[in-house]
There are 2 protein chains.
Amino acid sequence: MAGRPKTKSETSAKYEQRKLEVLRAAARTFNRLGFHIATLDDVAEELGVTKPALYYYAKSKDEILFACGQLALDALQGALETSGEEELSGLDRLTRFFRLYAAIICEDFGRCLVLSEPRDLATRSRKANVSGRRALNLAVRDMIRDGIEDGSIRPCDERVLAIALFDAFNGLGRWFDPKGALELPAIIDRYLDIFIGGIAAR
Amino acid sequence: MAGRPKTKSETSAKYEQRKLEVLRAAARTFNRLGFHIATLDDVAEELGVTKPALYYYAKSKDEILFACGQLALDALQGALETSGEEELSGLDRLTRFFRLYAAIICEDFGRCLVLSEPRDLATRSRKANVSGRRALNLAVRDMIRDGIEDGSIRPCDERVLAIALFDAFNGLGRWFDPKGALELPAIIDRYLDIFIGGIAAR
DNA sequence: CTTGTTTTTTACTGTCCAGTAAGTAGAATA
DNA sequence: TATTCTACTTACTGGACAGTAAAAAACAAG
């Protein structure tokens, strides 16, 4: 009947695919208008359907926002594993990670993650979201600590550095425009250059 | 009658003082709950009055948000003038400015400025707000350019550096907690240290 | 082509909240 | 002590929007 409960464990691939389209339309709409200003009618319009159709794939606006953020967090978790694999210095791993981070954050779901605040979510979703964010933060702190130990990173307060990096790169998700003058890789290079080398002349 | 139009040019000092209390209560409430989630009833409660009392001092929620941001922008404009006065290197002026910037951004109105997005404002207010922000951005770019010319700052893309600095320091307004482990001046020192010296070991 | 299932529609409800109308307690002024 | 302004209050309105109910398409499968 409702199609959603679907106790038949394997929800069809088609359903999952369509759900992803729904979430992407939602993310784009939230990013364009802001989560609170965007209505589900706006989201539906972006996708070319009417509002109630969305409720076939999610049961609240909150759940949609959460799912979008979760997709981004999953991608970032993947980036974390990718950058940690090889035997690199802490600084190199940090650099690799933030390259991937920047790329993800400039995609639909990544932007949605950084543009939304945990407090926009209901209690349950919020907890999961915050713990995902915290995991990333801790992993980055670890990289920094490793880098300080292996001598690739100048001794510093790893909490503060981690936050500064995240805040600076998150900003990218706010203002980066694919149609702007600078290509994303060029911007990333400059960001990393600023952080790695510092701004003071030698 | 309405008390507000007050064609008698000089609005009483008492009125202006109370208006500031209203705006401060609004800023604190917006910062605590988020602008869209916070209702004017919440703001009124924070101040210990009822909602319509607020309309004695402002004619819309939008105007309140705008006024809060404007107070912060005025303070920041002042900081800009303060840091530009003396004959210092570009790097020193930049450093001085971001010290002041951080302090302002961690106050009620400053936090309100960075936590609110221009798109939350109505067209007219938004234009004024954006132009205020842009003026700051341009002034900082100038400092950077001066610093590069006078040899205190390593050559770099001044637009990108300005954005990275603003984004990183704006983050401060989001997470800084006066009751946290680190005092604000200590955090500012570490931020500046990271940016000035870079994170790579020598 | 008929029966069942998936997907989406039209039409509606309930609530929340910005903003308004009208009146009132208290202070200042005459 | 009447009058006028200031600074609010109580009581309300209108519209927007998340979410629901029920029916209708669209699509399969026998």
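Within every chain, numbering begins at 1; the chains are lettered A, B, ... in the order of the sequence lines, protein sequences first and strands thereafter.
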**OP:** Send over the distance from B:K19 NZ to D:dT6 P, rounded to a whole Å.
**Re:** 15 Å
Subject >> Donor-acceptor contact below 3.5 Å, side chain A:R141 vs main chain A:R159 >> reply: no
Original post:
So, the side chain of A:R32 versus the backbone of A:A38: is there a donor-acceptor pair under 3.5 Å, distance only?
Top reply: no
Original post:
In whole angstroms, how far is the C1' atom of C:dT7 from the CD atom of A:Q17?
Top reply: 15 Å
Original post:
Do side-chain atoms of B:D150 reach the backbone of B:G90 as a donor and acceptor pair under 3.5 angstrom?
Top reply: yes
Subject >> Donor-acceptor under 3.5 Å (A:S152 side chain, A:S89 main chain) >> reply: no
Original post:
Does OP1 or OP2 of D:dC8 have a side-chain N or O of B:R18 closer than 4.0 Å?
Top reply: yes
Original post:
Side-chain contact, heavy-atom cut-off 4.5 Å: B:V43 with B:F30?
Top reply: yes
Subject >> Spatial distance of atom CD1 (B:I64) from atom SG (B:C68) [nearest 0.5 Å] >> reply: 7.5 Å
Original post:
Are the side chains of B:I163 and A:Y191 in touch, meaning some heavy atoms are under 4.5 Å apart?
Top reply: yes
**OP:** Verify the contact: side-chain N or O of A:T50 to OP1 or OP2 of C:dT9, cut-off strictly under 4.0 Å; return yes or no.
**Re:** yes
Subject >> Rounded distance (nearest 0.5 Å) linking atom CD of A:E45 with atom OG1 of A:T39 >> reply: 8.5 Å
**OP:** Verify the contact: side-chain N or O of A:Y56 to OP1 or OP2 of C:dT7, cut-off strictly under 4.0 Å; return yes or no.
**Re:** yes
Original post:
Which letters describe nucleotides 12-22 of chain C, given B = protein heavy atom under 4.0 Å from base, S = only from sugar-phosphate, - = neither?
Top reply: -----SBBB--
**OP:** Any chance you could list the contact pattern along nucleotides 23-30 of chain C? Use B for base contacts, S for sugar-phosphate-only contacts and - for none, protein heavy atoms under 4.0 Å, 5' to 3'.
**Re:** --------
